[in-house]
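In what follows, a structure is listed as structure tokens, so that the remarks can point back to it.
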Amino acid sequence: MPDARRRPPSSTDVAALAGVSQKTVSRVLNGEPYVTEEVRERVLAAARELGYRRNTAARALHLGRFHRIGVASIGSSLYGPSSLLVALERQAREIGYAFAVAYAGEGAGVTNAVESLLAQGVDAIVVSDPIDPIDGGEDLRIDADVPVLSFRPIPGLAGPRVVVTGASGVEAGRQATEHLLGLGHATVWHVAGPHRWPAARDRARGWREALAAAGAPEPPAPEGDWSPASGYAAGRVLAADPRVTAVFVANDDMAIGVLRALAEAGRAVPDEVSVVGMDDIPAAAYLSPPLTTIRQDFEAIARHGLALLAAEIERSPGKPAEPAEPGEADGLPAHLVVRRSTAPPAKP
């Protein structure tokens with residue numbers, strides 16, 4: 001009969017089974033460099049075989065680290081935010097960090113979510129897509145001495161160790177608009193996301209910049225709420241305007257509504273109106289017609305952001321941060337996926 005009092009496996013046991021030193025085990029489990037992939041896999045396999053679990057509480061007391069990254073998230077089920085959250089969790093594990101999430105709600109709960117994460121014990125915090133509060137602005141000053149990562153500049157976000165890296169929203173809006181202008185459309189209409197979302201403002205900014213660069217007029221941009229229903233409502237208005245020949249929609253869900261409205265109005269896509277969405281949701285390739293859209297590489301965005309955050313965690317608070325490479329924050333992937341919802345405008 002097994003001895004119920006048998007001690008749990010230790011890092012020494014892992015080292016013995018893997019045939020490496022205890023220091024090497026520590027390096028692998030802490031995600032440190034200078035360990036070959038073969039040795040890393042051997043140590044991790046030994047840890048799994050023995051059922052080894054690090055004593056994170058004791059480790060935190062010893063090192064002043066929790067090896068955990070927290071995310072203040074709005075908890076949205078929308079494709080973009082939820083995909084980024086999954087990518088962040090996966091990339092955190094890849095670099096050896098546990099992952100904690102606190103839900104901020106729409107705007108006003110960001111500070112409370114950050115406080116909740118600090119109370120749990122985290123080495124850094126990601127502020128993921130907060131929404132501007134209805135009452136005009138939350139003070140997002142974060143005074144805790146842990147690094148804070150945001151994927152775009154957020155009004156009011158400040159603190160002693162804030163790291164801001166670019167997201168692909170502006171570039172995505174620019175790519176979508178340039179694609180339609182390049183097909184020969186005189187201008188491009190835009191169905192915007194809700195203005196309270198920084199992501200929606202980024203996409204609208206890219207649209208405006210592309211129009212301005214081409215000398216094209218800027219039409220009014222109806223605002224939706226990311227849902228197919230709001231895209232349908234905006235699409236009905238656009239379908240009634242014969243000048244509309246090209247539309248960039250701020251996400252694929254609203255683009256689905258726009259396509260439905262155009263079909264009901266007898267405006268053929270892409271023969272009369274071209275439509276571009278954003279996100280490349282799984283259904284986009286199976287719509288009728290298949291939707292041209294902008295695909296964001298959420299894995300690359302998460303990898304880039306967490307690499308910057310991990311470097312900031314390792315940096316001592318008194319040491320200046322390493323300067324970012326020129327253009328590094330703006331080079332995150334946004335890829336145009338051309339399908340059958342876009343074409344040159346019909347000849348008069």
Side-chain angles (χ1 to χ4, degrees), residues 1-71 83-102 117-126 128 145-149 161 163 165 297-319 321-322 324-325 328 332-333:
M1 179 177 179
D3 183 358
R5 295 170 297 176
R6 182 175 177 269
R7 67 173 178 83
S10 68
S11 60
T12 304
D13 300 322
V14 175
L17 182 59
V20 299
S21 68
Q22 193 170 354
K23 178 62 176 175
T24 298
V25 171
S26 177
R27 283 178 176 159
V28 170
L29 297 179
N30 291 336
E32 296 176 15
Y34 313 119
V35 179
T36 68
E37 193 58 33
E38 186 271 331
V39 169
R40 187 181 304 279
E41 287 300 321
R42 200 160 77 236
V43 169
L44 293 175
R48 286 193 296 269
E49 182 178 336
L50 293 171
Y52 172 72
R53 297 290 183 272
R54 287 182 296 175
N55 187 333
T56 54
R59 183 173 178 277
L61 288 172
H62 177 64
L63 298 178
R65 294 271 182 87
F66 296 92
H67 236 65
R68 181 163 55 233
I69 291 173
V71 177
S83 296
L84 180 57
L85 188 63
V86 170
L88 285 168
E89 193 275 337
R90 186 179 293 119
Q91 291 301 321
R93 281 192 286 109
E94 284 289 322
I95 62 174
Y97 282 83
F99 195 74
V101 181
L117 291 167
L118 292 172
Q120 295 177 50
V122 294
D123 298 315
I125 291 172
V126 179
S128 178
D145 190 24
V146 300
V148 178
L149 172 70
R161 301 179 71 184
V163 179
T165 180
D297 188 339
F298 294 108
E299 292 293 334
I301 292 169
R303 186 183 310 114
H304 175 80
L306 290 188
L308 294 177
L309 196 59
E312 182 63 23
I313 291 170
E314 296 301 322
R315 181 179 70 85
S316 61
K319 180 182 177 182
E322 292 292 328
E325 291 295 324
E328 179 182 24
L332 298 177

| message | Could you go through I125 and L118, starting from their C-alpha distance and side-chain angles, then the distance that decides it, and tell me whether this counts as side-chain contact (heavy atoms from CB on, under 4.5 Å)? | response | CA-CA 9 Å; I125 291 172; L118 292 172; 3.9 Å; yes

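- In plain terms, the two heavy atoms of L117 and A100 that are nearest each other are CD2-O, 3.9 Å.
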| said: With side-chain contact (heavy atoms from CB on, under 4.5 Å) as the criterion, how do I301 and D297 come out once you've worked through the C-alpha distance, each side chain's angles and the decisive distance to 0.1 Å? | reply: CA-CA 6 Å; I301 292 169; D297 188 339; 5.6 Å; no

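- Scored by the side-chain hydrogen bond (donor to acceptor under 3.5 Å, both in side chains) test, S83 finds no partners at all (sequence neighbours excluded).
- Of all heavy-atom pairs between V71 and S128, the closest is CG1-CB, 4.0 Å.
- Legend: residues meeting salt bridge (Lys or Arg N to Asp or Glu O under 4.0 Å) with R42, ordered by chain and number and at least two apart, are E38.
- With hydrogens and angles disregarded, a donor-acceptor distance shorter than 3.5 Å links the side chain of R161 to the backbone of E312.
- For V146 against D123, the heavy-atom pair with the smallest separation is CB-O, 3.6 Å.
- Listed by chain and number, the residues in a side-chain contact (heavy atoms from CB on, under 4.5 Å) with E89 are R93, F99 (sequence neighbours excluded).
- L50 and P9 make their closest contact through O-CG, 3.2 Å (heavy atoms, listed as atom of the first residue, atom of the second, distance).
- One distance of note links CD1 of I313 with OH of Y97; it measures 3.5 Å at 0.5 Å rounding.
- The distance from the CZ atom of R90 to the CZ atom of R303 is 10.5 Å, given to the nearest 0.5 Å.
- Rounding to the nearest 0.5 Å gives a distance of 9.5 Å between CG of L88 and CG of L309.
- Across all their heavy atoms, Q120 and R68 have their closest contact at O-NH2, 2.7 Å.
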